[in-house]
Amino acid sequence: MHSAQTVDSSTNDKILIKGGSVKGVWWGLQTLEQLLFQARTSPKKISFPALRIEDWPRFAYRGAHLDCCRHFFTVEEIKSFIDLICMHKINNFHWHLTDDQGWRIEIRRYPELIGSQRQESVVGHHYHSQEYDGIPHGGFYTQEQVRDVVAYAAARQVTIIPEIEMPGHAMAALASYPWLGCLGEGYEVPSLWGVKEDVYCAGKDSTFVFLEDVLTEVTDLFPYGLVHIGGDECPKARWKECPRCQRRMRDEGLGSEEELQSYFVRRIERFLASRNRRMVGWDEIRQGGLSETAIVLSRKREQGLRSALENGNDVIMTPYLNCYFDYYQGSRETEPLAFGGFLPLRTAYDLDPFEGLNAEQSRRILGVQCNLWTEFVATLDHAEYMLLPRLAAFAERAWTGGEGNYPDFLRRLESFSRLYDAQGYEYRDFRPEADSLRASLGS
Ligand code: ACM
Ligand code: ZN
């Protein structure tokens, strides 16, 4: 899986790129392109009379997630995002396609899904704001557009993991087809961020027919091995009150609503397996028990990770303290409004996916992922600003093993960021930090 690459210009008349696979050669090409760019644009003259780079990734899975539900991004913008992650040698795009505030993928059997728009969006932070913008927000990808994006990504050796959220974060689906919920009526696409009580009814067989139909179309569109089913943040209030959900629990001998969630997730996993897909979900797919074959995308070391490893699941690490790029990267006084938290460049660089794990547990870690939730990110420029340069820090930890060297990373970022300038990317200025670090090191 790890495809070593060699870029060799140590003989005078040729540059040779060798790799263990097409992918290896592709990432080698990225390296060469970046070297040539530095040579062309450096204020000092650079030449590479003889050079040999031998290199391979630390992890086979290097992921980046983009939430296209809280704010919609066009196909052109998605392609631009793919270019951006590709330049950082990220090889998996986790495409968050459904959530409470929007359903973004055309499903032919259920045309209403993409008709649902939210009427407006909250202005400012949803924790305290009472103000709304009065502007309807929608948007979706047709199946033809999805195929186009899949082909675009494939040409760049980027795999896409589509996410269809369940059993929670389902308000947009419930607004289109109210029979999917326990109450059966009264749903709207929410204008406010945050977790909603209304979720898919786990008692109705029609819910599973719907989800299997959706996943059939999704697996027809995405020719990859992994499908993400969300699983996070599913309140159990409706299930506790719903006669159908309670009946399901009795019929299946389930002792709690958490076990009902487990029933839900396992039923979907079996369906995905019948389509030759492996299920991925957030930490909470562990709730009430999980098969050993599922992959846990773990943002909470305390909750999901331990029990997933004890259960024998493979894990992709995305600890929110290091990998949630919707968090502030500087002072709240000066940074644009963000979800919360504090995740400066240094913290992104300090990602240690093996922290607290023994050798055997470490072998279960397939890779790492960073995430961009977009409640507060409405444009691609702003998305770039949130990603860069934290994505470079993340990418180095994803690609390169060992301890890392932050001052050295900052120094190299000076030249790497010229690529950002050339591409016209927005990014947060890291130079004041680099300058003050240099001053403090006395160099
Ligand atoms: C998540 O942060 N709700 C996956
Ligand atoms: Zn129900």
Side-chain angles (χ1 to χ4, degrees), residues 63-70 94-101 126 161 163-171 173-174 177-187 193-211 228-252 254 257 259-261 263-265 267 280-287 295-305 308 315-327 338-341 343 369-377:
H65 148 290
L66 182 67
D67 170 7
C68 295
C69 303
R70 275 49 179 267
H94 171 176
W95 199 359
H96 188 73
L97 285 163
T98 76
D99 211 303
D100 293 312
Q101 291 84 6
H126 57 297
I161 291 93
E163 181 180 357
I164 304 296
E165 265 266 28
M166 64 191 78
H169 287 289
M171 284 296 283
L174 269 52
Y177 296 103
W179 46 265
L180 290 167
C182 292
L183 303 178
E185 61 181 8
Y187 307 118
W193 321 126
V195 175
K196 310 298 170 194
E197 301 267 278
D198 286 294
V199 302
Y200 289 112
C201 178
K204 296 177 186 171
D205 281 329
S206 52
T207 299
F208 293 95
V209 172
F210 168 83
L211 288 170
H228 197 299
I229 59 107
D232 60 311
E233 299 177 336
C234 179
K236 306 297 186 291
R238 294 289 181 262
W239 291 358
K240 284 192 201 319
E241 301 290 320
C242 172
R244 289 189 185 83
C245 286
Q246 291 301 313
R247 170 136 187 233
R248 174 85 72 196
M249 286 170 58
R250 278 195 308 279
D251 289 352
E252 300 289 335
L254 306 171
E257 283 72 23
E259 286 182 33
L260 183 57
Q261 163 136 346
Y263 165 87
F264 197 116
V265 165
R267 191 163 161 174
V280 188
W282 300 105
D283 304 82
E284 295 94 318
I285 59 168
R286 284 283 305 128
Q287 255 177 28
I295 298 173
V296 177
L297 181 59
S298 178
R299 67 196 190 284
K300 299 176 182 173
R301 282 184 207 277
E302 327 76 58
Q303 291 180 26
L305 180 63
V315 173
I316 296 163
M317 291 299 295
T318 184
Y320 63 93
L321 291 172
N322 309 96
C323 298
Y324 267 42
F325 291 171
D326 57 331
Y327 287 4
F339 197 95
L343 204 170
Q369 179 172 302
C370 59
N371 308 288
L372 185 58
W373 300 101
T374 60
E375 286 92 339
F376 301 96
V377 179

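Remember, it's 1-based here, ligands and their atoms both numbered in the order they're listed.
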Residue, atom name and distance, where the atom is the protein heavy atom closest to atom 2 (O) of ligand 1: Y324 OH, 2.6 Å
Heavy-atom contacts under 4.0 Å between Y320 and ligand 1: side chain, backbone, both, or neither? neither
Once you round to the nearest 0.5 Å, how far does CE of M317 lie from CG of L305? 5.0 Å
Compute the ring centroids of W282 and H94, then answer whether they are less than 6.0 Å apart. yes
Quick check on contacts: which atoms of ligand 1 are under 4.0 angstrom from a heavy atom of E233? 3 (N)
For F376 and A338, work out which heavy atoms get closest and say how close. CD1-C, 3.8 Å
Angle subtended at the Zn ion (ligand 2) by C242 SG and C182 SG, rounded to 10 degrees: 110°
Any donor-acceptor pair under 3.5 Å from D100 side chain to M171 backbone: yes
Among all the protein's non-hydrogen atoms, which is closest to atom 3 (N) of ligand 1, and how far away is it? D232 OD2, 2.7 Å
Does any N/O atom on H169 come nearer than 3.5 Å to any N/O atom on ligand 1? no
Counting only N and O atoms by type, is there a donor-acceptor contact under 3.5 Å from the side chain of R267 to the main-chain atoms of F208? no
